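Report on one structure; see the data block that follows.
Keep in mind that this is a model prediction, so the values were computed, not measured.
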Amino acid sequence: MKTTDVLVIGSGIAGITTAIRLARNPARRIILLTRSADLHDSNTFQAQGGIVTHGPDDSVDLLVKDILEAGAGASHPEAARILAEEGPPRLEEVLIQQAKIQFDRDQDGKPAFGQEAAHSRRRILHVKDGTGIAISNGLVALLKKFQNIEVLSNATAVDLITYPHHSKNPLDNYRGITCHGAYVFDRSGNAVHRTLAAKTVLATGGLGRIYRHTTNPAGARGDGLAMAFRAGARIVNAEYVQFHPTILAAPGAEGFLITEAVRGEGGVLLDPAGFPFMEKYAPEWKDLAPRDIVARAIHVEMEANGYSHVLLDIASHMSPDALKSRFPHIYEQCKRVGVDITLESIPVVPAAHYSCGGIAVDVWGRGSIGNLYAVGEVACTGLHGANRLASTSLLEGLVWGCRVAQDIEVELLASHPVVPTREDIPAWDESGLITDSDPALIQGDMQTIQNIMWHYVGLIRSADRLTRAIRELRHLQTEIETFYRNTKLSDGLIGLRNAVEAALLVAEAAYHNRQSRGCHFRADAVEAGDRLL
Ligand code: SIN
């Protein structure tokens with residue numbers, strides 16, 4: 001058993017920022033948990049396009065306006081303003097000054113701002129097309145300098161520890177549920193330990209892996225969302241799963257993103273015969289329309305015409321040298337699978353990319369469970385509304401990482417939080433677990449979830465599709481729960497249990513929301529004034 005002041009679960013920009021901000025007080029003890037062997041294994045690492053800030057001729061008001069418009073009227077204006085006001089100074093302080101990230105500069109040595117869809121200004125800072133790699137490397141290096149942060153890798157949180165669930169403190173039932181850490185599965189030791197904490201921060205990222213096609217890494221199974229839901233947290237906007245329009249469609253390149261910045265630099269979407277089609281769907285913005293519109297337009301083109309993919313042409317709009325220098329990772333990756341982007345168009349399809357909803361939190365990252373915070377993609381600050389504006393997620397993780405740390409520090413200084421003792425919280429009991437985890441069952445069930453979500457809870461939804469999805473997912477959940485209660489733990493089993501929970505949360509939220517808005521599109525319940533194609 002371990003005890004700590006703060007337990008942070010997740011090693012993307014949101015989790016690491018929270019940890020390093022707290023660690024500035026040397027008296028604080030922080031444990032940072034990652035299910036992976038490597039701290040870099042996160043959605044942050046995969047981010048290509050960049051991170052939004054203020055560009056030339058830009059303003060807080062203009063950025064807020066773009067966020068709210070992309071969010072299709074469902075964003076929380078206060079969250080948008082916080083991001084637009086606090087984002088640029090936090091970026092300068094944490095990423096540039098402390099983590100020493102060198103964003104690209106133009107020939108005059110000034111920041112080279114990129115353009116992305118639905119932004120009315122060029123305002124995206126980037127490190128070529130590997131911004132996430134640079135940010136992750138910088139933050140991990142910074143994290144390692146703090147002696148008071150203990151990193152536990154190969155460690156998967158199983159469930160949050162809450163008093164009422166152990167019937168230990170009846171008063172908690174009146175005060176509301178409070179969180180006191182998590183049960184953690186240590187893969188190296190093959191055992192579950194109690195990690196008790198005064199404050200727990202979920203920074204586990206998203207849930208793209210519940211879909212058959214996604215840009216997300218293996219850990220994005222909705223772990224934090226499912227744990228919080230089981231503990232009684234309020235979840236909102238789960239139906240707003242954003243699909244990225246342009247994923248490389250070639251064998252051996254599954255999930256590889258072609259950043260929106262390619263269209264920002266002039267790239268144009270074409271049907272397989274070479275005709276541009278975005279004007280039909282978004283006459284004003286064309287290829288730079290908000291992401292939900294572009295992704296759905298591609299989906300409609302593919303479904304109506306039986307295309308397996310569409311094309312993205314950048315070769316006609318940038319010189320080979322400029323292309324290789326601005327998008328070196330994309331150039332290399334495409335070349336590896338036989339596509340030379342300096343000569344030919346890139347085959348692309350949409351894929352699940354980002355969860356705009358999540359654990360409902362306030363402007364300080366506090367949710368409905370005491371002592372529990374959520375930050376980054378797992379949380380819903382309301383910023384993204386029904387459709388996230390490109391390149392706002394890294395900044396959200398940074399800004400709210402700082403905010404969560406600030407709130408925790410104030411709370412810890414103001415009170416003497418009760419960290420439960422070994423006696424309060426029972427040890428993990430695995431006496432009934434008789435079966436070894438069967439990878440074939442886990443993989444098979446995971447693929448079933450991914451197929452259900454892709455076909456019935458994807459880019460275009462309907463009551464019929466959603467009803468079918470919910471029925472099948474509920475049946476699967478019963479099977480998985482029985483399996484879970486008899487089987488020795490593994491990371492895969494924990495993920496499967498979380499994935500089916502997260503899938504149900506998304507499907508049920510989609511079923512109950514009959515209004516098409518942003519990335520939630522109901523073919524059967526379109527109302528006047530909804531933004532369509
Ligand atoms: C991209 O580079 O297109 C993705 C960036 C984002 O998801 O914000």
(request) Starting at CG of Leu83, measure out to CG of Leu389 and round the result to the nearest 0.5 Å. (result) 9.5 Å
(message) How long is the straight-line distance from CG of Asn43 back to NE2 of His353, given to the nearest 0.5 Å?
(response) 7.5 Å
(request) Kindly say whether Val457 contributes a backbone atom to a donor-acceptor pair with the side chain of Tyr211 at under 3.5 angstrom? (result) yes
(message) Donor-acceptor pair, distance only, cut-off 3.5 Å: does the side chain of Arg221 make one with the backbone of Asn498?
(response) no
(request) Tell me yes or no: between the side chains of His126 and Thr131, is some donor less than 3.5 Å from an acceptor? (result) no
(request) To the nearest 0.5 Å, tell me how far Ile369 CD1 sits from Ile177 CD1. (result) 5.0 Å
(request) Search all heavy atoms of Arg326 against all heavy atoms of Ala261 and return the closest pair with its distance. (result) NH2-CB, 3.6 Å
(message) If we check side chain to side chain contact (heavy atoms under 4.5 Å, CB included) with Val268, which of these qualifies: Asp287, Leu312, Val262, Leu311?
(response) Asp287
(request) Return the minimal non-hydrogen interatomic distance between Leu202 and Gly224, and the atom names on each side. (result) CD1-O, 3.8 Å
(message) Quick one: does any side-chain atom of Ser11 pair with a main-chain N or O of Leu39 as donor and acceptor, under 3.5 Å?
(response) yes
(request) Please assess His299 against Phe243 for the test side-chain contact (heavy atoms from CB on, under 4.5 Å), listing each intermediate value before the final yes or no. (result) CA-CA 10 Å; His299 180 79; Phe243 289 76; over 6 Å; no
(request) State whether a side-chain donor-acceptor pair under 3.5 Å links Tyr281 with Glu301. (result) yes
(request) From the options Ile258, Leu248, Leu257, Asp129, select the one residue that forms a side chain to side chain contact (heavy atoms under 4.5 Å, CB included) with Gln333. (result) Leu248
(message) Just verifying a value: how many Å separate Asp445 CG and Gln477 CD, rounded to the nearest 0.5 Å?
(response) 12.0 Å
(message) Hydrogens and angles aside, do His455 and Arg212 bring a side-chain donor and acceptor to less than 3.5 Å of each other?
(response) yes
(request) Could you tell me whether the side chain of Trp454 and the main chain of Ile210 form a donor-acceptor pair under 3.5 Å? (result) no
(request) Supply the atom-to-atom distance Arg209 CZ to Asp223 CG, rounded to the nearest 0.5 angstrom. (result) 12.5 Å
(request) Report yes if some heavy atom in the side chain of Val348 is under 4.5 Å from a heavy atom in the side chain of Pro245; otherwise report no. (result) no
